[in-house]
Amino acid sequence: MYRCHLLHGSVNKSCNGMRTSARWIVPNHLLVSYFNLVKSLTSAFPNMYSISRFQHTTSAACCCSKTRSGEKYTDPFKLGWRDLKGLYEDIRKELLISTTELKEMSEYYFDGKGKAFRPIIVVLMARACNSHHDNSRDVQASQRSIALIAEMIHTASLVHDDVIDDARSRRGKHTVNKIWGEKKAVLAGDLILSAASIALARIGNTTVISILTQVIEDLVRGEFLQLGSKENENERFAHYLEKTFKKTASLIANSCKAVSVLGCPDPVVHEIAYQYGKNVGIAFQLIDDVLDFTSCSDQMGKPTSADLKLGLATGPVLFACQQFPEMNAMIMRRFSLPGDVDRARQYVLQSDGVQQTTYLAQRYCHEAVREISKLRPSPERDALIQLSEIVLTRDK
């Protein structure tokens, strides 16, 4: 039996911030299993690469001191924050609440300590599309509003997710439901969502309203997908990727599309923005699922192995299952028996599950770069390219 050099990259493997680089060698029989998973991936997302193009990977993007457009900049986050000064103050202004307790609950996560990953992508995409259309890199007020709305929808979903998952910590502090109780937490999430809806209606563009209301539907459908599972092993990965798109990537994809609609009349540009957001969003969640196995709780700001404890089989688990078929029974019973979580975690760490999931995230980022590179060069376009690498190399 020959051995195939399939994957290459870096993965966090310890809690002390150190990185280890490795070349992962996969036996031929596992290569066949892997391609079976890729088949389910490509059927769920037909715009992804064909199977043959998954056989080799390089880094999705390269860090450069100079953008491809020739203009120097520091990093994507500094570039994006130019248009996001006062972001959380402006969000709090949208939450016009007279009741002290409800106000405190609703503003709890808008403390400026989040990554603001979604608003950053949104304003960078707005400038990139504006520049592509008419060389105007200024962000319109309506486009900036989309960044606020995206962060509000995201935060509302976090509040609701914590209730469903009975989570006790997030971003290094107690959750809303832990402090105020589940019933009040649900209402706080609803209020944030209603404030986002009002802000969205204020923009007055029916196409944009339609685009972003799709996000709310996807969030609900994604949560239902997460509550269920597939008995058929071949269907599990497609189920997982569909859930990942609806719960995480849809918000990023549709927010990017919304700002492109506001800044450029070309449907081709709208599709580029959507595809970039979709692919980066899926990659972001894949890496999140990897970090659940490779990072410490203090790095993540929430408990690790949380997905296993919730009974969820994420990418690393599904790939590990190809090497350890005994995990199938644990997946079907949602890791509910004593010792299931610890055993499953050990199987994942002994397998290529983490590396395979990281590799898959690289492929999604590569596709995102391919899409955004269709726009005319600009500092913001190139910052979006660099963001795809940040997605892959983040450790929290």
Any salt bridge linking Arg343 with Asp340? Criterion: basic side-chain nitrogen under 4.0 Å from a carboxylate oxygen.
yes
Report the C-alpha distance between Leu84 and Trp81 in whole Å, list the side-chain angles of each, state the deciding distance to 0.1 Å, and finish with yes or no for side chain to side chain contact (heavy atoms under 4.5 Å, CB included).
CA-CA 5 Å; Leu84 293 174; Trp81 270 112; 3.3 Å; yes
Short N-O contact, Lys247 and Asp218, less than 4.0 angstrom:
no
Are side-chain heavy atoms of Lys278 and Ile252 found at a separation under 4.5 Å?
no
Answer yes or no: is there a side-chain heavy-atom contact under 4.5 Å between Asn177 and Arg168?
yes
Closest contact, heavy atoms only, Thr357 versus Pro316
OG1-N, 3.1 Å
Going hydrophobic residue to hydrophobic residue with side-chain gaps under 4.5 angstrom, can you get from Leu219 over to Leu148?
yes
Looking at side-chain heavy atoms only, is the closest gap between Lys178 and Asp166 below 4.5 Å?
no
Carboxylate-amine/guanidinium proximity below 4.0 Å for Arg202 and Glu94:
yes
Pair Thr314, Asp289: side-chain N/O donor-acceptor within cut-off below 3.5 Å
no
What is the ring orientation for Trp180 with Tyr108, classed by angle as parallel under 30°, tilted 30 to 60°, or perpendicular over 60°?
perpendicular
Give me the atom names and distance for the closest heavy-atom approach of Ala185 to Val159.
O-CG1, 3.2 Å
Taking the side chain from Thr213 and the backbone from Ser210, do they hold a donor-acceptor pair closer than 3.5 Å?
yes
Arg221 atom CZ, over 12 foreign heavy atoms within 6.0 Å:
no
Once rounded to the nearest 0.5 Å, what's the spacing between atom CG of Leu87 and atom CD1 of Ile91?
4.5 Å
After noting the C-alpha distance and the side-chain angles of Ile282 and Asn279, does the key distance pass the side chain to side chain contact (heavy atoms under 4.5 Å, CB included) rule?
CA-CA 5 Å; Ile282 293 174; Asn279 283 287; 5.5 Å; no
Closest non-hydrogen atoms of Met152 and Ala195, given as atom of the first, atom of the second and distance, are CE-CB, 3.6 Å
Should Leu124 and Leu251 be regarded as members of a common hydrophobic cluster, given that ILVMFWY residues are connected when their side-chain heavy atoms come within less than 4.5 Å of each other, either directly or indirectly?
yes
Establish whether Leu187 and Ile179 are linked, either directly or via other cluster members, by ILVMFWY side-chain heavy-atom contacts under 4.5 Å.
no
Any side-chain donor near an acceptor of the partner, Gln143 and Asn130, under 3.5 Å
yes
Establish, from distance only, whether the side-chain atoms of Ser250 and Asn254 form a donor-acceptor pair under 3.5 Å.
yes
On a heavy-atom basis, the closest approach of Ile121 and Cys256 is CG2-SG, 3.4 Å
Row check, Phe284 ring normal vs Arg394 NZ/CZ: under 6.0 Å, within 45°:
yes
Side chains of Ser305 and Arg345, donor plus acceptor under 3.5 Å:
yes
Should Glu151 and Phe110 count as side-chain neighbours, where that means a heavy-atom distance under 4.5 Å?
yes
Using 0.5 Å steps for rounding, measure from the CG atom of Leu200 to the CD1 atom of Ile209.
5.0 Å
Taking Thr244 for the side chain and Tyr240 for the main chain, is one N or O donor matched with an acceptor at less than 3.5 Å?
yes
Whether Lys184 and Glu101 form a salt bridge (side-chain N of Lys/Arg under 4.0 Å from carboxylate O of Asp/Glu) is what I want to check.
yes
Working note: Lys103 + Glu107, criterion salt bridge (Lys or Arg N to Asp or Glu O under 4.0 Å); need CA distance, chi angles, decisive distance, verdict.
CA-CA 6 Å; Lys103 180 180 176 64; Glu107 294 181 353; 2.8 Å; yes
Evaluation steps, side-chain hydrogen bond (donor to acceptor under 3.5 Å, both in side chains), between Asn328 and Arg236:
CA-CA 11 Å; Asn328 277 308; Arg236 279 186 197 146; 2.6 Å; yes
Single-linkage hydrophobic cluster, 4.5 Å side-chain cutoff, Leu158 and Ile287 together
no
Are any side-chain N or O atoms of Tyr276 and backbone N or O atoms of Leu384, one a donor and one an acceptor, separated by less than 3.5 Å?
yes
Think Arg171 forms a cation-pi with Tyr109, using NZ or CZ under 6.0 Å from the six-ring centre and within 45 degrees of its axis?
yes
Separation between CG of Leu387 and CG of Asp382, rounded to the nearest 0.5 Å:
11.5 Å
Is any side-chain heavy atom of Lys309 closer than 4.5 Å to a side-chain heavy atom of Phe335?
no
Do the side chains of Lys173 and Asp111 get close enough for a salt bridge, i.e. N-O under 4.0 angstrom?
yes
Check: Lys246 and Leu225 side chains under 4.5 Å, non-hydrogen atoms
yes
Measure the shortest side-chain to side-chain distance between Tyr347 and Glu326 over non-hydrogen atoms and say whether it is less than 4.5 angstrom.
yes
What I want to check is whether the side chains of Asp138 and Ser136 have a donor and an acceptor closer together than 3.5 Å.
no
Sub-3.5 Å donor-acceptor pair from the side chain of Asp75 to the main-chain atoms of Lys78, do we have one?
yes
What are the two closest non-hydrogen atoms of Ser255 and Ala150, and how far apart are they?
OG-CB, 3.5 Å
Interatomic distance, CD1@Ile385 vs CD1@Ile390, rounded to 0.5 Å, equals 12.5 Å
Using a 4.5 Å cut-off on heavy atoms from C-beta on, say whether the side chain of Asp190 contacts that of His160.
yes
Atom pair CG (Leu375) and CD1 (Ile272), whose distance is rounded to the nearest 0.5 Å
5.0 Å
Look at atom CD of Glu89 and say whether more than 12 heavy atoms of other residues, nucleotides or ligands are closer to it than 6.0 Å.
no
Mind running side chain to side chain contact (heavy atoms under 4.5 Å, CB included) on Phe237 and Leu360 for me, showing each step along the way?
CA-CA 12 Å; Phe237 214 86; Leu360 187 57; 3.6 Å; yes
Do you know which two heavy atoms are closest between Thr155 and Ile192, and how far apart they sit?
CG2-CD1, 4.4 Å
Count the heavy atoms belonging to other residues, nucleotides or ligands that lie under 6.0 Å from NE2 of His174, then report whether that count exceeds 12.
no
With clusters defined by side-chain heavy atoms of hydrophobic residues (ILVMFWY) lying less than 4.5 Å apart, directly or transitively, does Leu312 cluster with Met330?
no
When you measure from the side chain of Ser142 to the backbone N and O of Ile203, does any donor-acceptor pair fall under 3.5 Å?
no
For Arg144, is there an ion pair with Asp90 - N to carboxylate O distance below 4.0 angstrom?
yes
Below 4.0 angstrom, N of the basic side chain to O of the carboxylate: do Glu271 and Lys374 qualify?
no
Could you tell me the separation between the CD atom of Gln322 and the CE atom of Met327, rounded to the nearest 0.5 Å?
10.5 Å
Donor-acceptor pair, His132 side chain versus Arg127 backbone, under 3.5 Å?
no
Could you go through the side chain to side chain contact (heavy atoms under 4.5 Å, CB included) check for Ser351 and Phe319 one step at a time?
CA-CA 8 Å; Ser351 74; Phe319 278 121; over 6 Å; no
Do Ser373 side-chain atoms and Arg370 backbone N/O form a donor-acceptor pair below 3.5 Å?
no
